[in-house]
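Values below: all heavy atoms of this structure, side chains included; hydrogens, waters and symmetry mates excluded. Note that this is a predicted model, so its numbers are computed, not measured.
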Amino acid sequence: MVEEYAAGNGRIPPIKRRQTPALFIATIEKASQIINCAINGEGPWISCCVVDELHMIGEGIRGARLEATLAKIMFATKQGKGSCQIIGMSATLPNLQDLVEFTRAELFTSDFRPIPLTQYLKLSHFVYRVEDDGKQLMTKFDRQIKPQDQKIDPDGLLPLVLEVIPKHSVLIFCSSRRNCQSVMKLLASQLKMEMVPDDLANKREMLINDLVQELESVGGVDPDFLNSLRFGIAFHHAGLSGPERATIEDGFRDGTLCVLCCTSTLAAGVNLPARRVIIRALTQGRSLLPISTYRQMAGRAGRAGYDTMGEAFIIAPPKDRKRCLELVGGVMNPAESKLDILVYEVILSVLELKLALTKSELLDFFTKYTLVGLQRGENSNFSSLIEKTLTHLQELSVIVARDAEIDGVIIEDEIDYLVTPIGRASVGSGIELKYCRNIWKRLDKAMLDMNLKNTLQLISLVISEDILEQYKYMRINWDTFYEEMDEVLSKDEQYAMKLICGAKGAENEDFKKHININRLIQMQANMGKMDDDEKETYFIGYLTLILRYIGEGEHHAKIAQKFGIDRGQIQSLFTAVVSECARMSTFCSHIGKISTEFLSLF
């Protein structure tokens with residue numbers, strides 16, 4: 001039995017099956033919940049935990065959560081709850097020995113690559129092959145490539161692409177979504193239909209027809225996009241809707257499409273290998289391209305079972321030659337623990353799972369079973385950190401202290417720490433502790449005047465601070481907001497919108513901080529100013545309107561057109577909210593408030 005655990009998919013706790021072994025394919029966040037359920041007995045025990053891209057353990061909050069998950073399963077194994085084999089895999093992990101010691105693993109390494117990869121630098125019009133003499137990287141002149149039109153294509157992308165297509169495929173990594181679309185148009189503008197074989201032209205028309213039929217009733221497909229598809233060129237980034245993304249990925253895999261202009265997110269995850277990879281920029285967003293990301297990108301070239309060779313090109317001005325060679329042969333930064341940023345949650349989770357009850361047991365966990373304990377060793381005062389964290393958790397009322405006892409006999413100088421309902425709600429739902437009390441307050445406030453004649457108020461409650469942060473750059477279309485409030489919503493729905501308060505918790509009588517028509521008219525006319533709290537309130541209201549249409553089954557492309565945002569944003573917003581509904585339902589079940597209503601929203 002294979003089950004997907006990502007976003008809103010997957011039942012928590014997982015079903016225990018006596019006869020059928022289960023294989024859970026999970027995100028880091030869902031895997032953490034699955035492991036928690038295994039430890040507390042609510043779900044099946046996990047006998048084997050396979051971690052792909054293990055280097056992510058050193059990357060921010062997701063890395064911290066991965067480290068905590070592995071540490072807990074190892075700590076539980078040590079206590080006799082069951083045995084679990086951990087298998088970690090990575091092609092970009094420099095400090096292997098740290099991870100070997102942390103996971104108590106045997107190390108298997110190989111530099112064998114079944115398909116040879118040749119790496120090139122294109123500096124101005126000159127192409128250099130990168131070679132390794134065993135001591136250092138060297139560049140050897142390979143050939144000169146001049147663009148057909150220096151003004152339109154100064155980087156000479158088209159000649160590099162034409163060397164490969166249509167027989168083989170090309171991935172072009174760009175620094176931004178907008179750049180992906182610009183490169184797509186640039187290439188398509190220089191090609192002619194006479195260059196496209198008849199069989200490919202027919203297959204591409206069929207692909208285009210599928211997209212048009214899917215989207216014609218909801219605004220259609222961008223003409224430039226359709227024109228590029230006829231030449232086998234498309235872009236791939238988070239702005240695509242689900243159907244568009246699936247169609248493009250399938251077309252690239254079967255050879256109907258031969259060029260994808262994509263962002264760095266394609267370097268890991270979706271399996272879309274190509275003969276040639278072209279990296280157009282040495283930046284990723286506003287930052288320099290990390291060596292590990294370059295390795296992931298270059299690794300897409302020449303996959304076994306798909307091709308017989310692979311090529312990776314970096315395009316850069318001659319002055320950046322040194323930086324290019326650093327990307328190709330430089331030493332990656334070691335994966336260092338980020339558990340510090342999650343220490344409150346980790347301690348709360350360990351206490352809730354009863355893996356530890358006392359300070360001494362928590363100290364044993366941190367010093368012997370975490371990566372941070374291994375890397376810092378005696379240089380870190382974990383005892384002081386644990387003491388400080390326990391005090392703070394008590395102040396938040398998520399744990400309480402009591403005298404430790406065994407079989408009714410009190411143990412001197414030892415304190416047990418027990419988790420309260422809101423602490424259990426945080427661990428069980430996977431909602432970060434820093435958001436829990438705020439959610440509790442919002443629920444309490446909503447319960448005083450809950451309007452269940454429609455779903456708007458419930459929808460607003462699942463717009464978490466994570467979601468607000470993720471979409472903070474989305475601009476409110478005040479004309480659309482006003483039209484929805486004044487012309488579309490019923491009186492009951494208008495009343496529900498007025499009850500929606502900002503996350504900071506404005507009181508009901510504070511009318512300024514509620515959605516109201518007069519303020520919308522002011523913002524329409526560009527005559528109003530809002531403080532941060534009020535902006536947040538209206539942004540929650542705006543997202544609520546978008547989610548209302550999703551809940552009613554409106555096509556995502558049509559919603560995107562109405563609110564003037566990317567189709568892909570609608571898809572990702574829907575996915576995020578479905579996940580949040582499940583987490584809120586679990587949270588509420590622990591604290592005894594409304595729960596099943598959230599599961600029925602979408």
Side-chain angles (χ1 to χ4, degrees), residues 1-53 62 65-89 242 269 345-346 348-355 419 421-432 436 439 458 462 464 466 551 574-602:
M1 175 71 71
V2 180
E3 298 182 42
E4 177 190 358
Y5 276 76
N9 296 325
R11 181 184 183 275
I12 299 292
I15 298 172
K16 293 183 178 181
R17 295 182 174 88
R18 293 184 178 180
Q19 303 297 327
T20 308
L23 174 62
F24 303 126
I25 311 296
T27 59
I28 291 173
E29 293 74 18
K30 289 286 187 176
S32 176
Q33 290 182 281
I34 292 170
I35 294 295
N36 286 348
C37 292
I39 294 171
N40 66 23
E42 292 181 356
W45 181 254
I46 305 300
S47 300
C48 181
C49 182
V50 181
V51 184
D52 194 14
E53 313 291 0
R62 300 195 77 211
R65 188 158 284 124
L66 173 58
E67 178 184 343
T69 299
L70 295 178
K72 284 186 289 186
I73 194 71
M74 290 190 293
F75 200 49
T77 298
K78 174 248 186 184
Q79 295 179 1
K81 293 184 180 291
S83 61
C84 178
Q85 181 184 26
I86 295 174
I87 301 173
M89 300 181 292
E345 287 185 39
V346 174
L348 182 63
S349 177
V350 170
L351 292 174
E352 163 60 8
L353 296 171
K354 295 183 171 52
L355 292 173
V419 179
I422 192 170
R424 289 195 293 274
S426 174
V427 175
S429 64
I431 294 175
E432 291 182 49
C436 287
I439 291 172
L458 278 172
V462 297
S464 64
D466 273 346
F574 171 64
T575 302
V577 168
V578 167
S579 178
E580 197 63 29
C581 284
R583 298 204 304 169
M584 284 288 286
S585 180
T586 303
F587 181 89
C588 291
S589 68
H590 280 283
I591 62 175
K593 295 185 183 294
I594 49 175
S595 60
T596 55
E597 288 87 348
F598 289 118
L599 288 177
S600 63
L601 279 178
F602 297 95

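Side-chain atoms of S349 do not come within 3.5 Å of backbone N or O of E345 as any donor-acceptor pair. With hydrogens and angles ignored, the 3.5 Å screen pairs no side-chain donor or acceptor of Q33 with any backbone N or O of P13. Between the S579 side chain and the T575 main chain, no donor and acceptor come within less than 3.5 Å of each other. Checked by atom type and distance alone, the side chain of S589 pairs as donor or acceptor with a backbone atom of T586 at under 3.5 Å. A donor-acceptor pair under 3.5 Å is absent between the side-chain atoms of Y5 and the main chain of I28, judged by distance alone. Side chain of T77 to main chain of I73: a donor-acceptor pair is present (N/O by atom type, distance under 3.5 Å, no hydrogens or angles). A donor-acceptor pair under 3.5 Å is formed between the side chain of K16 and the backbone N or O of G41.
Interatomic distance, CE of M1 versus OG1 of T20, reported as 6.0 Å (0.5 Å rounding). For the atom pair CD1 (I35) and CG (N40), the distance works out to 11.0 Å, reported to the nearest 0.5 Å. Interatomic distance, CG of L355 versus CD of Q79, reported as 5.0 Å (0.5 Å rounding). To the nearest 0.5 Å, atom CD1 of residue I39 and atom NZ of residue K81 are 7.5 Å apart.
The shortest side-chain heavy-atom distance between E432 and R65 falls under the 4.5 Å cut-off. Side-chain atoms of I86 and L70, non-hydrogen and from C-beta on, do get closer than 4.5 Å to each other. The side-chain heavy atoms of M584 and I439, taken from C-beta on, include a pair separated by under 4.5 Å. Taking 4.5 Å as the limit, some side-chain heavy atom of E580 sits within range of a side-chain heavy atom of I431. Residues D466 and R583 have side chains in contact (heavy-atom distance under 4.5 Å, counting atoms from C-beta outward). Counting heavy atoms from C-beta on, the side chains of E352 and S426 never come closer than 4.5 Å.
Contact record, A31 with T69: O-CG2, 4.2 Å, taken as the closest heavy-atom pair. When every heavy atom of A38 is checked against every heavy atom of W45, the shortest pair comes out as O-CE3, 3.6 Å.
A salt bridge between E53 and R62 is absent, with no side-chain N of the basic residue lying under 4.0 Å from a carboxylate O of the acidic one.
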